[in-house]
Trainee: 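A single structure is presented below for examination.
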Amino acid sequence: MENMFQDFTTESAIFENKEVLRPNYIPENLPHRAKQIKSLADILSAALKGETPSNIFIYGKTGTGKTATVKYVSKELEEMGEKTSSKCSLIYINGEIFDTQYRVFAYIARAFNKHVPMVGWPTDMVYLEIKTGIDGGKKCVIVILDEVDKLVSKGDEALYNLSRINSELNNSRLSIIGISNDLTFMELLDPRVRSSLSEEEIIFPPYNANQLKDILGERVEKAFNSSVLDGEVIPLCAAFAAQENGDARSALDLLRVSGEVAERSKSKKVTEEHVRLASEKMEKNRIIEVVKTLPVQSKIILNTVIRLNKANAKRRFSSGEVYNTYRKLCSHLKIEALSQRRVSALVSELDILGLINAAIISKGRYGRTREISLSVPEESVQHALVGYCELETLSTIKLKTQVALCGYEKWE
DNA sequence: CCTCCACCGGAAAGCCGGGTCA
DNA sequence: TGACCCGGCTTTCCGGTGGAGG
């Protein structure tokens, strides 16, 4: 009998190397980031002259090339450092994974071959280890804190201690590069830490459609077999992503998924049609993800809108209608209904998430209200609620709610 | 031009589960 | 262990408002 994986072992007709399209792949060329690369290199070049580079704060939305740029520049710097034998070492830390002061410190200590367990020691002891580690040889240490906002959300001691470590060192110097896609966290910082972290700032603006086209173009040669892409594929991917928010990551994702769609349909080429299918598929997944993680009450409200949609020819409903139906649904589910004010707030949240539309209109004598309508296909939401139901194994009341939510049975 | 509907959305306080500290 | 704090969620209170109808 033929092995069931037989089909999957044959060479791909579409992809040459799919990894090139993954977000963590660092290309040799970063289009449209020359300015940022130069600023970063200028600042860090101090390390090669034996001086201390300023601390740097890097800001930009997701998929604007922050991490790629920093990794690219630090690789170059390390190479040059070895050639010129000026000692400098870079330590890359992702704040999402190392999200407490202790973990960050332990990780840094390990970079200096100190045997620090990932849990257990008093923090100041680890701090001491780092200090002696860094100070061991005369050199320059640059700590890169990616997603630094995640780290700060649990307290700013880590940043505070790192930024003042220089005053306790004799031989070496330490600089910090903080990377974030969120500016609000700066307010949580001690003013001294804030100003020391942002001695220099580099901004990464979103890409436009043309720039995204260049980025995709840069990678297709390695990623795809020659001439499997139709001419319109790249511009279309770029346009879709630019429309969203100029996010290179999602542009690359879209291109990859388009290829996968083409591959699965046994096509020899990736066409415009495949991109559209891929885009639809990704959008659907996004919706499912969002709906699944919604709090129960928001799900009930969403469900209310769907029920209204099913029961009426019209597609728009006033806040009052939605709230009344919501109350009925709640009493049917034997769940305490929220106040009108609260439901109004949750409706706003659903609006921001893009699941429903809620625009304020005035009907003159007949009051002012929001017109609420579903802004995504009915089936994809329903699909998500059903999917959630299957996974839900919590308390019986919750389970009952979920079952009722996907059942759509009449209750009056 | 004024009224008044039916709701919006800010402010503030209450509640609750979880974590911390002495 | 109990006092206390914190953050998220919710309620209560209430001032605000665009425009059809008078």
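These values consider heavy atoms only, across backbone and side chains, with no hydrogens, waters or symmetry-generated copies. Convention: sequence-line order gives letters A, B, ...; per-chain numbering from 1.
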Trainee: Could you state the atom-to-atom distance from CD of A:Gln297 to P of C:dT11 in whole Å?
Mentor: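 The distance from CD of A:Gln297 to P of C:dT11 comes to 8 Å, rounded to the nearest Å.
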
Trainee: B:dC8 C1' sits how many Å from A:Glu371 CD, rounded?
Mentor: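 The distance from CD of A:Glu371 to C1' of B:dC8 comes to 15 Å, rounded to the nearest Å.
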
Trainee: Working to the nearest 0.5 angstrom, can you tell me the gap between A:Ile179 CD1 and A:Ile58 CD1?
Mentor: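 Output value for this atom pair is 5.0 Å.
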
Trainee: Can a cation-pi geometry be assigned to A:Lys363 and A:Tyr366, taking NZ or CZ under 6.0 Å from the six-membered ring centre and within 45° of the ring axis?
Mentor: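 So A:Lys363 doesn't make the cation-pi contact.
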
Trainee: Scan A:Arg315, A:Arg316, A:Lys314 and name whichever one has a salt bridge (charged side-chain N to carboxylate O under 4.0 Å, His left out) with A:Glu371.
Mentor: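 Exactly one option meets the salt bridge (charged side-chain N to carboxylate O under 4.0 Å, His left out) with A:Glu371, and it is A:Arg316.
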
Trainee: Look at the side-chain N and O atoms of A:Arg370 and state whether any lies under 4.0 Å from the OP1 or OP2 oxygen of B:dC8.
Mentor: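 For B:dC8, OP1 or OP2 has a side-chain N or O of A:Arg370 closer than 4.0 Å.
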
Trainee: Calculate the interatomic distance between A:Gln340 atom CD and C:dC13 atom P; express it in whole Å.
Mentor: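 Computing the A:Gln340:CD to C:dC13:P distance gives 15 Å.
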
Trainee: Atom CG of A:Leu346 and atom P of B:dG9: how far apart are they, to the nearest Å?
Mentor: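 Those two atoms, CG and P, are 13 Å apart.
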
Trainee: Is there a residue in residues 359-368 of chain A whose heavy atoms reach under 4.0 Å of DNA chain B, and which residues are they?
Mentor: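 Residues of residues 359-368 of chain A that come under 4.0 Å of DNA chain B are, in numerical order, A:Ile360, A:Gly364, A:Arg365, A:Tyr366, A:Gly367, A:Arg368.
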
Trainee: Ignoring hydrogens and geometry, is there a side-chain-to-backbone donor-acceptor pair from A:Arg370 to A:Ser344 under 3.5 Å?
Mentor: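 Yes; judged by distance alone, with no hydrogens or angles, the pair exists.
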
Trainee: Under 4.0 Å from OP1 or OP2 of B:dC8: is there any side-chain N or O of A:Ser344 that close?
Mentor: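 Yes, such a contact exists.
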
Trainee: Would you check, one step at a time, whether the test side-chain contact (heavy atoms from CB on, under 4.5 Å) holds for A:Val73 with A:Gln36?
Mentor: CA-CA 10 Å; A:Val73 172; A:Gln36 284 78 8; over 6 Å; no

Trainee: Calculate the interatomic distance between A:Ile301 atom CD1 and C:dT10 atom P; express it in whole Å.
Mentor: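 Between P of C:dT10 and CD1 of A:Ile301: 9 Å.
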
Trainee: Between A:Ile372 (CD1) and B:dC8 (C1'), how many Å, whole number?
Mentor: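 Rounding to the nearest Å, CD1 of A:Ile372 and C1' of B:dC8 are 11 Å apart.
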
Trainee: Mind calculating the distance between OH (A:Tyr323) and C1' (C:dT10) to the nearest angstrom?
Mentor: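 So the OH-C1' distance, A:Tyr323 to C:dT10, works out to 12 Å.
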
Trainee: Please tell me whether A:Phe15 and A:Phe224 form a close aromatic pair, meaning their ring centres lie under 6.0 Å apart.
Mentor: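 For A:Phe15 and A:Phe224, the ring centres are under 6.0 Å apart.
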
Trainee: Could you give the CZ-to-P distance, from A:Arg341 to C:dT12, as a whole number of Å?
Mentor: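 Taking atom P of C:dT12 as the reference, CZ of A:Arg341 is at 13 Å.
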
